[in-house]
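A short worksheet on the structure shown next.
Lettering of chains follows the sequences in order, A, B, ..., and the numbering in each one begins at 1.
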Amino acid sequence: MSDAQLTLDLDGWEGPLDLLLSLARGQKVDLRKISILALVEQYLAYVDSARALKLELAADYLVMAAWLAYLKSALLLPRDPLAEPDPEELALRLQLRLERLSAMREAGARLMARDRTGRDVFARGAPEGLRTVRKAAWQAEIFDLIAAYGRISARTRPVMHVVADREVMTLEAALERVSILVGERIDWSAIESFLPEAGERLRRSALASSFVAALELARQGKIDLRQASPFAPLYLRARA
Amino acid sequence: MPPDDFVRAVEAVLFAAETPLTIDAIRAHVGAGDVRAALDRLAADYAGRGIGIVRRGDRWQFQTAADMAHMLRRDREEPRKLSRAGIETLAIIAYHEPVTRAEIEAIRGVQISKGTLDVLMEAGWVKPSGRREVPGRPLMFATSPEFLFHFGLASRRHLPGIDDLRAAGLLDPVDLAFDRLEDSEDGGGMAQSLALRRDEP
Amino acid sequence: MPPDDFVRAVEAVLFAAETPLTIDAIRAHVGAGDVRAALDRLAADYAGRGIGIVRRGDRWQFQTAADMAHMLRRDREEPRKLSRAGIETLAIIAYHEPVTRAEIEAIRGVQISKGTLDVLMEAGWVKPSGRREVPGRPLMFATSPEFLFHFGLASRRHLPGIDDLRAAGLLDPVDLAFDRLEDSEDGGGMAQSLALRRDEP
């Protein structure tokens, strides 16, 4: 390869591996049979000639040159079995990389050569187009409907509060009952003894009414009340 | 007989064209040959297919067969839940039909937007049902057979009545909840419903 | 036998579509039926015509016959002129996908500029495709349905020469290929290392 050609191609390389691949291609068609040592020498010669022409070389070309110079000397020196890494291994790895880049370069070319849409084959120029019309499918459950009506009714109907009937003893009934019973007794009697036999609820009502009745009768001077201490049993006796 | 390359070229050019083409425009692509004969041949080839070649004035183009036009449009249903205003309005119409908009608003106690009735009509559940013979002759609304079908009702009479709503705890839920609390104190469930029945006029 | 209305419907829908369609997309328009069988029938009907039905991945589309290219090419310029870096990067992504930027760079031996991937993504041929679960979680790239469509590939398996490349181990990373060669040395050597040995003085 002449210096002139190398100079001409300088801007064309896409990095050291690209340059190496081009040099390798110049050697043989089958990359598996190239001579790595010859390739290294070609590369170093290229870099030297570029330097001689005072061309600016990107740093990665120089890094590759240094690495290849090392590889070259390692390959040429008598083999040291303990040398790490093994120069043959390095050379083989370089060759594998070149093969892979070459394979992708060819694949790219074959891809570009295919019948490409918009260049070789064409889709319809003026398709009518497909349209999707979205339509709402309204959903509601019968429960929602009924519950909604209940809600409206609750909101708008006149509100009616009803208190359930309770079993109670009115104050009048208690006055009458206590007046009669107290007259029949001679001694002090606890207020509970004036309550009717009844359920708990009615007894509580009767107790409250009878207590108020006892206070009223005492105020009228008809009975006496006696209690030893607060919350102690309350006794009633007709006033003599 | 399969089409020759000239016919195929006319076919491809017409297909890829962005506008209908005159015979001259086609010839500019395919070169010398009887373009008109090729177009006639193509028109015959495509007769009875889902697409065809048509002539518009002095221009030619491919287009889909007229009877397939409806396939190009697709209706897609998207489930959507009715709004609270929508379901309440529907419930009022169902329970009181036929009913005017003003009546619906009076029952609901809230104004209804135009869109609410539109949605119910779009859903096919509500339809206009004559006019009320009062000043202004307002439109009345009623439910449709689709309404019964959608909600699985044999007839409107199968809608639960006020009593049923009460029994189901769907009426006046605040008071009911309070009564239920009182009730549970003496362990009897019946007092509540007895008390409620006494409410009724 | 003339095409029945179902085949005609599939034909019309595919013809009217602005993009390649999946079988599901076709079915959404034409309704119940064996869309695949209809497509096969259409592909047979159009064999030898100036236009035809092609499959690209899981999508189908009408397009002009490849041998009509010379009639249709409006100018010699490619629709999108890719740089060499762009072509190689696209090939690496297509043959190795999914692949990270670092993996692309390892194969090409140079860094790829930001613009290169952008151009491929802007063309719609390449798209991000998840992240590699290694430190740094780098983004991976893969080809898109548009890639298959543009390059006229029925699927990635139809990439030119992909079977041969795979069989030759040329789609494996260098480390893997190296280990394989090392292993096979026990079994009687190989041309590769012999070739290398010939380098030695």
Any donor-acceptor pair under 3.5 Å linking the side chain of [X] with the backbone of [Y]?
{"X": "A:Arg100", "Y": "C:Gly169", "result": "yes"}
{"X": "A:Arg124", "Y": "C:Phe15", "result": "yes"}
{"X": "A:Arg114", "Y": "C:Gly152", "result": "yes"}

Is the count of non-hydrogen atoms from other residues, nucleotides or ligands lying under 6.0 Å from [X] atom [atom1] greater than 12?
{"X": "A:Glu141", "atom1": "CD", "value": "no"}
{"X": "C:Phe178", "atom1": "CZ", "value": "yes"}
{"X": "A:Glu41", "atom1": "CD", "value": "yes"}
{"X": "A:Arg204", "atom1": "CZ", "value": "no"}

Chain A contacts, top residue of [options] (heavy-atom pairs, under 4.5 Å):
{"options": "C:Val110, C:Ile87, C:Leu159", "answer": "C:Ile87"}
{"options": "C:Ala177, C:Pro173, C:Pro160", "answer": "C:Pro160"}
{"options": "C:Thr19, C:Ile162, C:Asp172", "answer": "C:Asp172"}
{"options": "C:Thr89, C:Leu153, C:Ile51", "answer": "C:Leu153"}

Given the rule in the side-chain contact (heavy atoms from CB on, under 4.5 Å) test, do A:Met104 and C:Arg108 qualify, once you have shown the distances and angles that lead to the verdict? CA-CA 9 Å; A:Met104 284 302 103; C:Arg108 295 199 65 232; over 6 Å; no
C:Pro128: what forms a side-chain contact (heavy atoms from CB on, under 4.5 Å) with it, not counting sequence neighbours?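 Partners of C:Pro128 by the side-chain contact (heavy atoms from CB on, under 4.5 Å) criterion, ordered by chain and then number, come out as C:Met121, C:Leu139.
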By side-chain contact (heavy atoms from CB on, under 4.5 Å), which residues pair with C:Ile23, not counting sequence neighbours?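 Testing C:Ile23 for side-chain contact (heavy atoms from CB on, under 4.5 Å), a comparison that skips the adjacent residues, returns C:Arg27, C:Val35, C:Arg36, C:Leu39, C:Trp60.
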Let's test your reading of the structure: which of A:Gly15, A:Ala103, A:Gly129 forms the most heavy-atom pairs below 4.5 Å with chain C?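 So the answer, after comparing A:Gly15, A:Ala103, A:Gly129, is A:Gly129.
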Between chain C and each of A:Leu130, A:Leu20, A:Leu17, count heavy-atom pairs under 4.5 Å; write down the option with the most.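 Greatest number of close heavy-atom pairs with chain C: A:Leu130.
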Kindly compute the distance separating [atom1] ([X]) from [atom2] ([Y]), expressed to the nearest 0.5 Å.
{"X": "C:Leu170", "Y": "A:Leu101", "atom1": "CG", "atom2": "CG", "value": "11.5 Å"}
{"X": "C:Tyr95", "Y": "A:Leu111", "atom1": "OH", "atom2": "CG", "value": "5.5 Å"}
{"X": "C:Ile107", "Y": "A:Arg105", "atom1": "CD1", "atom2": "CZ", "value": "12.5 Å"}
{"X": "C:Gln61", "Y": "A:Thr117", "atom1": "CD", "atom2": "OG1", "value": "7.0 Å"}
{"X": "C:Gln111", "Y": "A:Asp60", "atom1": "CD", "atom2": "CG", "value": "9.0 Å"}

Of C:Val54, C:Leu72, C:Thr64, which is the lone residue that meets side chain to side chain contact (heavy atoms under 4.5 Å, CB included) with A:Val121?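 The single option meeting the side chain to side chain contact (heavy atoms under 4.5 Å, CB included) with A:Val121 is C:Thr64.
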Would you check, one step at a time, whether the test side-chain contact (heavy atoms from CB on, under 4.5 Å) holds for A:Gln95 with C:Val174? CA-CA 9 Å; A:Gln95 185 178 11; C:Val174 167; over 6 Å; no
Could you go through A:Phe122 and C:Gln63, starting from their C-alpha distance and side-chain angles, then the distance that decides it, and tell me whether this counts as side-chain contact (heavy atoms from CB on, under 4.5 Å)? CA-CA 5 Å; A:Phe122 292 84; C:Gln63 67 176 33; over 6 Å; no
Taking side chain as everything from C-beta outward and backbone as N, CA, C, O, which of these in [X] sits under 4.5 Å from a heavy atom of chain A? Side chain, backbone, both or neither.
{"X": "C:Ala85", "value": "both"}
{"X": "C:Ala28", "value": "neither"}
{"X": "C:Leu165", "value": "side chain"}
{"X": "C:Leu21", "value": "side chain"}
{"X": "C:Asp67", "value": "neither"}

What pair of heavy atoms forms the shortest contact from C:Ala16 to A:Pro127, and how long is it?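 Result for this residue pair: O-CB, 3.4 Å.
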Verdict with supporting geometry, A:Met112 and C:Leu90, side-chain contact (heavy atoms from CB on, under 4.5 Å): CA-CA 10 Å; A:Met112 291 300 137; C:Leu90 179 62; 3.8 Å; yes
Please state whether the side chain, the backbone, both or neither of A:Glu106 comes within less than 4.5 Å of a heavy atom of chain C.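 Neither the backbone nor the side chain of A:Glu106 comes within 4.5 Å of chain C.
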